[in-house]
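Heads up: the structure comes next, in structure tokens.
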Amino acid sequence: KDTDYFGPSGGTVQKGYKVSDILKAAGLENANVTVKAISLGDSATTEIPFDQFTERYIVPNDSKDRGAYTVGRSQVYGDVTINCGFYVMDTEALFYVPETAVKDAGIAWTDALARLGITDYTAIHVICADGFDEVIDAADLEGICIYHDADGKIVVDSVAYAGNTLNDAVTIEVLK
């Protein structure tokens with residue numbers, strides 16, 4: 001659920017998602033490790049102490065239209081990762097799929113895994129909100145994307161059912 005975030009400079013109002021709410025929904029509220037934020041654009045990284053990360057918001061787009069970033073009142077000025085897509089916490093990661101990632105502009109899984117530094121895997125296991133799941137072998141990942149459908153839900157291309165998607169994908173496990 002998005003909420004208003006009042007920025008530290010002049011109280012600018014932006015829409016964002018409370019990181020603490022996201023972590024709780026993902027069962028990661030007690031992770032307590034340094035978070036590595038990774039850009040979808042240039043793979044730039046920012047290290048964020050967990051206690052500061054939980055107090056921040058993920059804002060879908062900055063004022064210069066450069067993509068998502070995390071912001072709060074406690075970070076050093078300019079200490080943000082622009083066009084952020086990944087928040088890595090030890091062996092778990094949150095993946096923010098921007099609204100601009102639609103069918104023709106989806107994010108390729110091979111690219112996403114490379115940006116996370118994951119090179120040793122045999123498959124990904126996609127689990128949907130309704131419990132349906134599919135394992136996609138590494139050899140079949142080329143050209144498989146994650147994106148938003150017309151209803152705004154996160155979907156992944158299906159390999160087992162060509163031409164179809166795995167709707168409302170909520171968990172993706174990397175299998176080694």
Side-chain angles (χ1 to χ4, degrees), residues 1-5 14-29 31 35-41 43 53 56-62 65-70 81-176:
K1 172 182 135 184
D2 69 342
T3 186
D4 288 342
Y5 164 73
Q14 302 172 38
K15 288 289 187 191
Y17 303 94
K18 291 174 75 174
V19 169
S20 59
D21 291 347
I22 295 168
L23 292 172
K24 186 174 182 180
L28 297 171
E29 68 269 25
V35 177
K36 182 163 80 171
I38 304 172
S39 172
L40 284 171
S43 298
F53 185 61
R56 294 187 183 187
Y57 289 76
I58 295 176
V59 176
N61 205 359
D62 77 347
D65 200 29
R66 297 177 293 185
Y69 67 105
T70 53
T81 300
I82 298 299
N83 194 14
C84 197
F86 306 99
Y87 300 93
V88 180
M89 293 161 280
D90 198 22
T91 61
E92 303 286 339
L94 295 174
F95 182 12
Y96 174 78
V97 180
E99 292 175 6
T100 55
V102 294
K103 176 67 176 155
D104 297 329
I107 300 167
W109 268 109
T110 52
D111 184 44
L113 293 169
R115 288 181 190 277
L116 286 166
I118 300 172
T119 57
D120 182 27
Y121 57 92
T122 60
I124 63 168
H125 180 206
V126 181
I127 305 166
C128 301
D130 66 1
F132 184 83
D133 69 323
E134 181 177 325
V135 174
I136 303 172
D137 291 332
D140 296 328
L141 274 180
E142 192 64 40
I144 301 299
C145 293
I146 185 169
Y147 52 90
H148 289 269
D149 67 7
D151 296 326
K153 293 184 178 179
I154 302 295
V155 297
V156 175
D157 292 324
S158 174
V159 172
Y161 303 97
N164 291 300
T165 59
L166 303 168
N167 295 317
D168 208 5
V170 293
T171 302
I172 287 86
E173 298 173 318
V174 177
L175 306 176
K176 295 195 176 212

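All figures in this text were calculated on a predicted structure; none of them were measured in a lab.
Separation of atoms NZ (K176) and CD1 (I118) is listed at 6.5 Å; rounding is to 0.5 Å. With rounding to the nearest 0.5 Å, the separation of NZ in K18 from CZ in R56 is 15.5 Å. To the nearest 0.5 Å, atoms CD1 (I127) and CG (D168) are separated by 13.0 Å. Separating the CG atom in L166 from the CG atom in D130 is a distance of 10.0 Å, to the nearest 0.5 Å. Distance check: L94 CG to M89 CE gives 4.0 Å after rounding to the nearest 0.5 Å. Atom CD1 of I146 sits about 12.5 Å away from atom CG of D111, to the nearest 0.5 Å.
Under the 3.5 Å distance criterion, the side-chain polar atoms of E92 are left unmatched by any main-chain donor or acceptor of L28. T110 contributes no side-chain N or O that, together with a main-chain N or O of E142, makes up a donor-acceptor pair within less than 3.5 Å. At least one donor-acceptor pair under 3.5 Å links the side chain of D149 to the backbone N or O of D151.
A pairwise comparison of heavy atoms in V19 and I58 identifies CG2-CG1, 3.8 Å as the closest pair. The two residues G16 and P60 come nearest to each other via the heavy atoms CA-CD, 4.2 Å. Across all non-hydrogen atoms, the minimal contact from V135 to A123 is CG1-CB, 3.7 Å. R115 and S39 make their closest contact through NH1-O, 3.8 Å (heavy atoms, listed as atom of the first residue, atom of the second, distance). Taking every heavy atom of both residues into account, V97 and Y147 meet most closely at CG1-CA, 4.2 Å. Heavy atoms only, all atoms of each residue included: C84 and Y96 are closest at O-CD2, 3.8 Å.
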Quick one: do I154 and H148 satisfy side-chain contact (heavy atoms from CB on, under 4.5 Å)? Show the steps, please.
-> CA-CA 5 Å; I154 302 295; H148 289 269; 3.4 Å; yes
Check against side-chain contact (heavy atoms from CB on, under 4.5 Å), I124 and I144 | CA-CA 11 Å; I124 63 168; I144 301 299; 5.6 Å; no
Test log, rule side-chain contact (heavy atoms from CB on, under 4.5 Å), inputs L116 and V174 | CA-CA 11 Å; L116 286 166; V174 177; over 6 Å; no
Test side-chain contact (heavy atoms from CB on, under 4.5 Å) on F132 and N167 and set out the steps.
-> CA-CA 9 Å; F132 184 83; N167 295 317; over 6 Å; no
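For F95, the ring-ring contact (aromatic ring centres under 6.0 Å, His included) partners are F86, W109, not counting sequence neighbours. For K103, the salt bridge (charged side-chain N to carboxylate O under 4.0 Å, His left out) partners at least two apart in sequence or on another chain are D157.
With contacts defined as side-chain heavy-atom distances shorter than 4.5 Å, the pair I107/P98 qualifies. Contact check for I22 versus Y87: no side-chain heavy atoms found under the 4.5 Å cut-off.
In this structure, E173 places its CD atom where more than 12 heavy-atom neighbours from other residues, nucleotides or ligands lie under 6.0 Å away.
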